[in-house]
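What follows is a short report on a single structure.
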Amino acid sequence: MKKFRDSFPLFTLMKLTCLPLLITLVSVSLTAARDGMAQDLLNRPISIQFENRDLKTVLRRLEKAANVKFTYVPQVVETQQKVSVRASNDPLETVLERLLKPLNISYQVSGNYIVLRKKPTSSAMPTPAMMAVDQLISGTVVDEKGEALPGVSVLLKGTQRGTTTNSQGTFQLAVPEKGSVLVFSFVGYQTQEIAIGNQTTLSIRLATDDKALSEVVVIGYGAVKKRDLTGSVSSIGTNELKAQPISSFNQALQGRVSGVQVTNASNAPGGGVTIRVRGGNSISASNDPLYVIDGFPVTNPASAQGANGSANFPNVLSTINPNDIESIEVLKDASATAIYGSRGANGVVLVTTRRGKEGMSNIDFEAYYGVSNITKLLNLATAEDQTALKNEQLRNLGFSERYGYTTAYPKKPSDYGVGTNWQKEIYRAAPMQNYQLSASGGTDKLRYLISGSYFNQDGIVIANNFKRYTGRMNLDAKLSNRLKIGTNFLVTYSINNGINEAGTNGPVGAARTISPASPVYDATGNWQLLNVGPGSGMASIPNPVAVLRTSTNVLYTSRVLGNVFADYQILDGLTARVSVGTDLLTSRRNVFYTPQTLVANTLNGYGSNGNSSNVNLLNENTLTYTRTLNTNHAFDIVAGLTFQSNREDRTYQEAQNFANYTLGANNLGQGSVLIAPTTTVQKWGLNSYLGRVNYRFKDRYLFTLTGRIDGSSRFGTNNKYGFFPSGAFAWRVSDEPFLKSSPVVSDLKFRLSYGFTGNDGIGLYNSLSSYATSRTVFGDTEVLTTQASTIGNPDLRWEKTGQFDAGVDLGFLNNRFQVTADYYIKTTTDLLLAIDLPATTGFTTVTRNIGSLQNHGFELGISSVNTTGQVKWTTSGNLSFNRNKVLKLADADQYLVTDPNTGMQTIVKVGEPIGSFYGRVFDGVWQSTDAVKAAGTLAQTGDLGGAPRFKDVNGDGVFNNTTDRTIIGNGLPKFIYGLTNTVSYKGLDLSVFLQGVQGNQIFNYTRSVTETDPGATPLKSFIDDHWQTDKPSNNRPSARQWNISNSSYLIENGSFLRLKNVSLGYRLPIKTKAIKAARVYISGQNLLTFTQYSGYDPEVNSNFNSNTTYGIDNFAYPVSRTYTIGGTLTF
Amino acid sequence: MTVMNRILYLLTFLSGLLVTGGCQSNLEEVPLSFLSESNSFNNAADATTAINAVYDRAKAIYQMPMIILGDLSGEDLWVRSDGDPVANEIDQFKYTASTTYFDSFYTNSYVTIDRANRVIENVPKIQMDTKLRDQIVGEAKFLRALHFFNLVQAFGDVPLVVKTTTDVVNVKIPRDPTEKVYQQIIQDLQDAEKVLPVSYTAAGEIGRATVGAAKSILAKVYLTRKDWTNAATKAKEVIDAKTYSLVPDYKDVFTPEKENGPEHIFSIQFSCIQPKYGSSMASNFAIYFSYPINLTGGSFQVTDSYANSFVAGDYRKQVAVITQKTLADGTVVQSRTGPHLDKYWDYNACGSSSARNNFLVIRYADVLLMYAEALNELNGPSAEAYNAINLVRARARKGATTGPQDLTGLTQAQFRDAVLQERSWELAGEGHRRWDLLRTGKLLAAAQKQGYAITDKYLLFPIPTFERDANPALTQNPGF
């Protein structure tokens, strides 16, 4: 070996660099993994021996041996000629090469058919005149959308005579005059038989094959037929993606895929989404799935920093144009995810973008226009209600009343009337539009897809807008029979004019809480600065209109995500692939507040500028080997070596006191108070070795073994490498002899898998000791400080999830009804937790791998074709249950987590789900001060009639705020579900999509703010229902300043059922030379929501990055109802 | 391409898979934008930033926590239960070992001590100006002593940690006897007074520890240990140095514009050049319903009995005890919850809980009163003792004839009570009362006078539960 290596100087190079194999190898494989089918067929082993027999006989024998069908026009392909051929366990492809090449016959695989053609160089196509007895039939084959289908096999039933459609989808075939039947077949479509009768011209529409078992599913580093899948993988295709007006593809997963919970944390355009695949595995590390876009595992770095009060939740995946996506696969069980090793534990979302198809050359123009509106406006207290309530509170506190009683506020509450409707001031009808132009097509040498799009969505909050420009180029080139190269390339730029989404300082929170007695403009025509005015007794809430109109908060994001790859077929069945890619993501955030906003009022202008640049490099090298030994044994093997590294640079600076506000954050140098800038640089690297063996025995017993070794810079020096194995077994019962001919059960497969995956989302540099730099003051002079900030842990490693999955796939009546059900248990150990250190060490915590938790659940997916024929009605649905339980924590068996924004506490407790709301139990209202006295220690000091009453939970006869607390709800749902019905009739199609969440609770912080003190505006229902001396209530306390925080008073039912989308499309019967197809549609999004929640919308998760507080409503950006009209033109 | 060729390529590829050494550097984690242990103490600038970090961490205690522990469990202050229910537990002697303020006080003290330990260990190894180097080590020793002094007063026996901890697994560190801790405190302060400068002049240095600060704290340590001779000696050294004097107007002791004045021996520094550098006393003591725009105001107030304890004409009451306040815009707000302490009001506060007030750790009036106390304990009320306390009383008259008169003709016991009372009038709300009462053995009586029938167990605060969970070697104080 040593000698061998010495003779290869490249090895020396490889030691030093990370892209060795590209240079050593030019390689190949399955172009797009979806092409695997044809290869699979051509790899079937053949053993035959013929001497001087006619070609027809040889072909017939090959049909039997390889289980394929040949189709050809006998007049063209002369099958009487004598041939000799000899093969011993050679792939079909080799045999065909040997057999057909000398005869100048070419072949093409189409489904299970192999179409034979005379090569063009030979004699010309025979003229119709030559076939006197036959009749020439011509026709066109199109798909359901009316688009031409090239390559469709057309066969005269009962004969070998046939042809295929050309790139325009047309064909010509000579047939005997009477009683002929033509069979049309094509991969992915239902085979159709047409009796010709007297027709000479046929128009055939092929329906997609609902059996879909032969459909190919993309898995990590490869693809398999759905029938051969051993793991739990769900997919959605273009139909689901295109049906909804969404800014980011991950929103499309909502309600469509079992086991995946999607919560829009912010409904602002381009806003953040929380996605959990089979529940959250981690307490302190990331719970987000790994996103792999065209084979590139992307990271989603935080966007650039903004000044105080500019917090919002941009979704970095909104940089991808959802319309470019062909399919999304969600890998759920360990069998599917272990190939992603230390990044697979939270599930993997594989995104495959569209590619050009051979034969078709299409230009598509797609456009839609829509208008969004807030789904509901809250019924809030009027100015009269609120000022009266303030007076009432002052009275209750024993103070003199204010409104109508003081010189500063001489107007009586009744004089204030309805006041300002702040909701109407900030919400609007918001247009959105999307345009996309794409060109795609290809020959057998080159396939291409080039697209450009423009997306522009206004938020329903004024001044809020999201724009995106994307360009995509996907190319596949076949340089030789063995070498293919290709690229996936995305360029995108987006501009997100965001709003502050943090509580009452943000416009949504401010408009919800600011007094209606406060005008938009003050008497001098300037923006009203203070809520109602100085000394009004109202809470300090900024004027939301002033904030929106006078401040800027823009995030510019650009991304270049691309890779190039080469597939080289080394030997028959053995293919190598090398790919090199990069993801360049930069974002810049400009924030500026003029003094007309409360935050910058005393600062005389306040601006900031943050930059973030993320460079991710990837090199992947894989070998795939496919071999069928005989009919009993088949192997698919993948092995690979990958390198990924990432560097993130962030800078941030801010300035105050501006002479001129026009340039804002574009020129921070205009500020006279410059705050010291901050910059950070972070890097991580991942070296991985992966492998997978798929083995099929008798095509019924399927085995998969997967393993990956990940070496990661994030792990401590004592644990640099982790190994993540998984194994799976599936049994296709329906292929057993006893079930094969069953008229009822058309598909039955049992799946079992177990394996380990990791979670490396444990932060960077956490294994190291670090010193931090910050500043302090002496006098009024700022000085630098340097202090130890963390203590190292060289044992730090990934969190480890072991997952068991048992599933069944069942199809009835030729797969008209299909059911997929899965049960899983995931146990995550080595949870990263901050372990308390005694303060005497100088540190309070150290991060260690301690603790474990479990998720187990059940998932059900169904699909059914309810009617076929003219009216085609299909239903698909999914239902997912997940239960989460903490098994082990570090020091104590429970600890409390306080949400930093709302003060709500949740508990992490052994035996309970993560993040249950923990607090006092609201038990009505003390009806009188006498009742308080009578209750003695069951009441709190200071309680009076009208005070909220809380339960003595521990039953010790004393109510105590700290000990009488218990679990009062949980933000995690009992189950989630989605249901889609589609009906099509001729050119019309209607789709109705319902989605829901059941059994979760919401902590409604908005009521905490507005029902504690009348300084913030409560709901009208509080006005009507609060306790008053002459109008007692047991539901809402009196207007005073009662402490209702951290109590079940604020917990509400979060269940909802939503009519998420209804869309109606019509395929226009236009067929001109220029226009191939045209479709128009109208759609409505978020049309109806059934819920008991009192806030804007129950789909809420304000602290969306937290694993321990789920379901808090901290004045979340409300959901909108959107109507869109759109169309597609294909040229 | 021949089959052999293909096989060669395949072998090359497989070999590539085996070359594991290819990208080892990809897995090394080298910090790029923060410092690590190895490169934090290289030069004089590093020494300065490291000592700055000790001062910075001291701010965690020397704000409300010191007042909550030092004043609330005394008799002058109280806190409304709606404002800070946890502090209210301390005020009313209802606290337990889980009461959070103990843990934060304990934790922050030790983190500050750890930072000081790092300076004391590492700075002497730096090649730099030796005078500056010794001074910085002296500052660290001063701050370490100050925090251990707080810890022993609050908790009694505590772990004496004077070295940086590196082992995070074996963290069972037992408590050391108070006596041993005091020896270290005295040693550190004696080391410090030898190397600390008399004063600082450069911006960015004013506010650092001085020789006066070391001597004054040392005086207080001796006083606490009833080492009257040494206490008197150290106090006298501070007085005789004439570095410090009483500011003529008592009000100016607290005015943010007059911070680091002639009376301020050692203050923890806060500023409003940015809100994050401000202190939180102003908002916590602000008159109810008024601060600064519309917030609910502070919940820390003086007791009625304290407000009524002043003799007529005491200017200090006029300055510090209020029931109404004129806001910046001229509005007059009334307290609705009784008298407030007005030492920390800041018209130019920079945030709802951020103002310019320094925390006054020790000031000259305190030294005068300590001197009087020590002399009285040594020899009874001497002329020098009267002189010291009467200087403080004279300022409280502010030139008027009414108000506290010069003391004369008291017995030793009467003089002792007079000093304790004077300290209350002069220093209330500055984090001293509990320690004064403990030192003089009057804590239980003072609490009982307020209606809290408490026992000996309340002479020490409990060792925080949280710490005992993390460090099983810690024993609990009796009764908790």
Side-chain angles (χ1 to χ4, degrees), chain A residues 11 14-15 18 20-21 24-25 399 530 534-535 538-540 570-571 574 576 621 623 639 641 643 645 679-683 685 687 689 711-713 720 765 768-772 776-788 791 836-842 844 846 891-892 941 961, chain B residues 6 9-10 12-13 16-17 19 21-23 26-29 31-37 40 46 49-50 52-53 55-56 81-82 85 106-107 110-111 114-115 118 159 161 164-165 168 171 173 203-208 260 269-271 273 277 293-295 329 331 336 466-467 469-471:
Chain A
F11 277 107
M14 284 156 68
K15 272 195 146 174
C18 280
L21 300 170
T24 33
L25 278 179
F399 303 144
L530 298 177
M538 297 301 175
S540 175
I570 300 165
L571 295 169
L574 177 65
N621 313 286
L623 276 177
L641 170 61
F643 304 97
S645 68
T679 63
T680 57
V681 183
Q682 300 193 119
K683 270 172 91 168
N687 294 356
Y689 311 85
S712 172
S713 62
K720 269 293 171 209
Y765 305 107
L768 303 180
S769 295
S770 67
Y771 273 67
T776 189
V777 280
F778 283 100
D780 283 340
T781 307
E782 211 174 28
V783 296
L784 274 174
T785 67
T786 306
Q787 60 276 343
I791 193 156
D836 296 319
L837 284 178
T840 37
T841 59
T844 51
V846 62
D891 302 317
T941 333
N961 269 316
Chain B
R6 285 181 205 154
Y9 271 89
L10 171 62
T12 316
F13 188 96
L17 292 178
V19 178
C23 286
N26 200 26
L27 304 184
E28 279 166 26
E29 198 165 43
L32 297 170
S33 59
F34 62 86
L35 298 172
S36 62
E37 194 107 33
S40 293
D46 290 342
T49 57
N52 287 345
Y55 286 101
D56 187 49
S81 59
D82 59 331
Y106 184 96
T107 303
Y110 274 107
V111 174
D114 175 68
R115 290 187 182 184
R118 279 166 199 267
V161 181
T164 310
T165 311
V168 296
V171 288
I173 305 163
E205 293 188 349
I206 295 168
R208 295 175 171 282
N260 299 323
Q269 305 287 309
F270 294 93
S271 162
I273 56 169
Y277 297 132
I293 298 172
N294 236 331
L295 298 180
D329 63 1
T331 323
R336 295 173 176 111
F466 197 77
E467 283 304 317
D469 288 344
N471 177 3

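Here is how names work: the chains are called A, B, and so on, in the same order as the sequence lines, proteins then strands, and each is numbered from 1. Reckoned from all heavy atoms, side chains included, excluding hydrogens, waters and symmetry mates.
When the candidates B/T49, B/I273, B/D114, B/T164 are compared by the number of heavy-atom contacts under 4.5 Å with chain A, B/T49 comes out ahead. Put simply, of B/Y106, B/F466, B/Y110, the one with the most heavy-atom pairs under 4.5 Å next to chain A is B/Y110. Counting heavy-atom pairs closer than 4.5 Å to chain B, the top residue among A/V846, A/T776, A/T781 is A/T776.
B/E467 places a side-chain N or O within 3.5 Å of a backbone atom of A/A839 that can act as its donor or acceptor partner. In this structure, B/Q269 contributes its side chain and A/G779 its backbone to a donor-acceptor pair below 3.5 Å. No donor-acceptor pair closer than 3.5 Å links the side chain of A/D780 to the backbone N or O of B/S271.
When each of A/V783, A/T786, A/V777 is tested with B/N52 by the rule side-chain contact (heavy atoms from CB on, under 4.5 Å), just one qualifies, namely A/V783.
The nearest pair of heavy atoms linking B/F34 to A/Y771 is CB-O, 3.7 Å. Across every non-hydrogen atom of A/F778 and B/G204, the tightest pair is CD1-O, 3.5 Å. In terms of heavy atoms, B/N26 sits closest to A/S645 at OD1-CB, 3.3 Å. A/S713 and B/E28 make their closest contact through CB-O, 4.3 Å (heavy atoms, listed as atom of the first residue, atom of the second, distance). The nearest pair of heavy atoms linking A/G842 to B/V111 is O-CG2, 3.6 Å.
Contact of B/S40 with chain A is made through the side chain alone, with heavy-atom distances under 4.5 Å. Of the two parts of A/T680, the backbone and the side chain both hold a non-hydrogen atom closer than 4.5 Å to a non-hydrogen atom of chain B. For a residue to count as touching a neighbouring chain, one of its non-hydrogen atoms must lie under 4.5 Å from one of that chain's; by this rule B/I206 touches chain A with the backbone only. Only the backbone of B/F270 comes within less than 4.5 Å of a heavy atom of chain A; no side-chain atom from C-beta onward does. The parts of B/D56 that come within reach of chain A are both its backbone and its side chain, each placing non-hydrogen atoms under 4.5 angstrom from that chain.
Put simply, the side chain of B/P31 reaches to within 4.5 Å of the side chain of A/L768, judged on heavy atoms.
By the 6.0 Å contact criterion, NZ on A/K720 is enclosed, its count of non-hydrogen atoms from other residues, nucleotides or ligands being greater than 12.
For the atom pair CD1 of A/I791 and OG1 of B/T165, the computed distance is 7.0 Å after rounding to the nearest 0.5 Å. A distance of 7.0 Å separates OG1 in A/T841 from CD1 in B/I173, rounded to the nearest 0.5 Å.
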Determine, step by step, whether A/N687 and B/L27 satisfy the side-chain contact (heavy atoms from CB on, under 4.5 Å) criterion, reporting the C-alpha distance in whole Å, the side-chain angles of both residues, the deciding distance to 0.1 Å, and the verdict.
-> CA-CA 7 Å; A/N687 294 356; B/L27 304 184; 3.8 Å; yes

